[in-house]
Amino acid sequence: MGRVTTIISGMVLATAFAAPAGAETWARFSSTDRTAYLVDLDSLMPTDGAATIRLARVPAAGDTGDLSHEAEVVMVRCADRQAQSGATVTYGPTGEEVDRYTEETPWETPSANSLYGLLLGFSCDDTRPAQVTPYPTIQAFIAGGRKG
């Protein structure tokens, strides 16, 4: 049964990046002096108590023509308040995919103020990042001066 679950999870993660996004609404929800963290607000709705959330890590400063960033799929289970890292894709300066990998991390209960803890709350508690500027794409966030 574990192998079937792994295969199905892999297929879900692959389609999260491969399929063109029908609706995306990216918003910065946290940042450091080096990295802005964005979440696709449209990926926060859980189905049957679980969600596959799209997270992006974007350099907090840089030229608006530099589209470098990293996108990750984070899976959450609301009932047991757990999260798990999935596939991660790295994009280079022109927005081209330069690396893709999947981590086989265990389900963990994140602390409430961690990145995964915040994502869990956004999805499972139906909260949303406060006072955010929505962007239709990560590229639009970068072009907008990486503010939000």
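Predicted, not measured: the structure shown is a model, and the values here were computed from it.
- Put simply, L55 and L38 are part of two different groups of oily side chains (I, L, V, M, F, W, Y) that touch within less than 4.5 Å, one to the next.
- The local environment of CG in D80 is crowded, with over 12 non-hydrogen atoms from other residues, nucleotides or ligands closer than 6.0 Å.
- Using a 4.5 Å heavy-atom threshold, the side chains of M75 and W107 count as touching.
- A heavy-atom distance below 4.5 Å is not found between the side chains of F122 and V76.
- The minimum heavy-atom distance between R146 and D63, with the atom names listed, is NH2-O, 2.9 Å.
- T88 and E70 form no side-chain donor-acceptor contact under 3.5 Å, judged by distance and modelled atom types alone.
- Among all heavy-atom pairs drawn from R28 and V132, the shortest one is O-CG1, 3.3 Å.
- Classification of the Y135-F141 ring pair by plane angle, with boundaries at 30° and 60°, yields perpendicular.
- The main-chain N or O of G121 is found under 3.5 Å from a side-chain atom of T127 such that the two form a donor-acceptor pair.
- The two residues A27 and L41 make their nearest non-hydrogen contact at CB-CD1, 3.9 Å.
- Here the straight-line distance linking atom CD of E96 with atom OH of Y91 works out to 10.5 Å at 0.5 Å rounding.
- From I53, atom CD1 reaches atom CG of L115 across 11.5 Å, with rounding to the nearest 0.5 Å.
- Remark: the backbone N or O of S111 is paired with a side-chain donor or acceptor of S114 at under 3.5 angstrom.
- Note: W26 CH2 to D40 CG = 5.0 Å, rounded to the nearest 0.5 Å.
- The CD atom of E104 lies 7.5 Å from the CD atom of Q84; values are rounded to the nearest 0.5 Å.
- When all heavy atoms of L44 and A51 are compared, the pair lying nearest together is O-CB, 4.3 Å.
- A distance-only check finds no donor-acceptor pair linking the side chain of S85 to the backbone of E103 [under 3.5 Å].
- Taken to the nearest 0.5 Å, the CD atom of Q139 stands 5.5 Å off from the CG atom of L67.
- Side-chain N or O atoms of S43 include one that pairs as donor or acceptor with a backbone N or O of R54 at under 3.5 Å.
- Here the closest heavy-atom approach between residue E24 and residue D42 is recorded as C-OD2, 3.1 Å.
- One distance of note links OG of S68 with CD1 of I142; it measures 7.5 Å at 0.5 Å rounding.
- Grouping the Ile, Leu, Val, Met, Phe, Trp and Tyr side chains by contacts below 4.5 angstrom, directly or via other members, places V39 apart from V58.
- Counting non-hydrogen atoms of other residues, nucleotides and ligands closer than 6.0 Å to CG of D125 gives a total above 12.
- In plain terms, the two heavy atoms of C124 and R77 that are nearest each other are SG-C, 4.4 Å.
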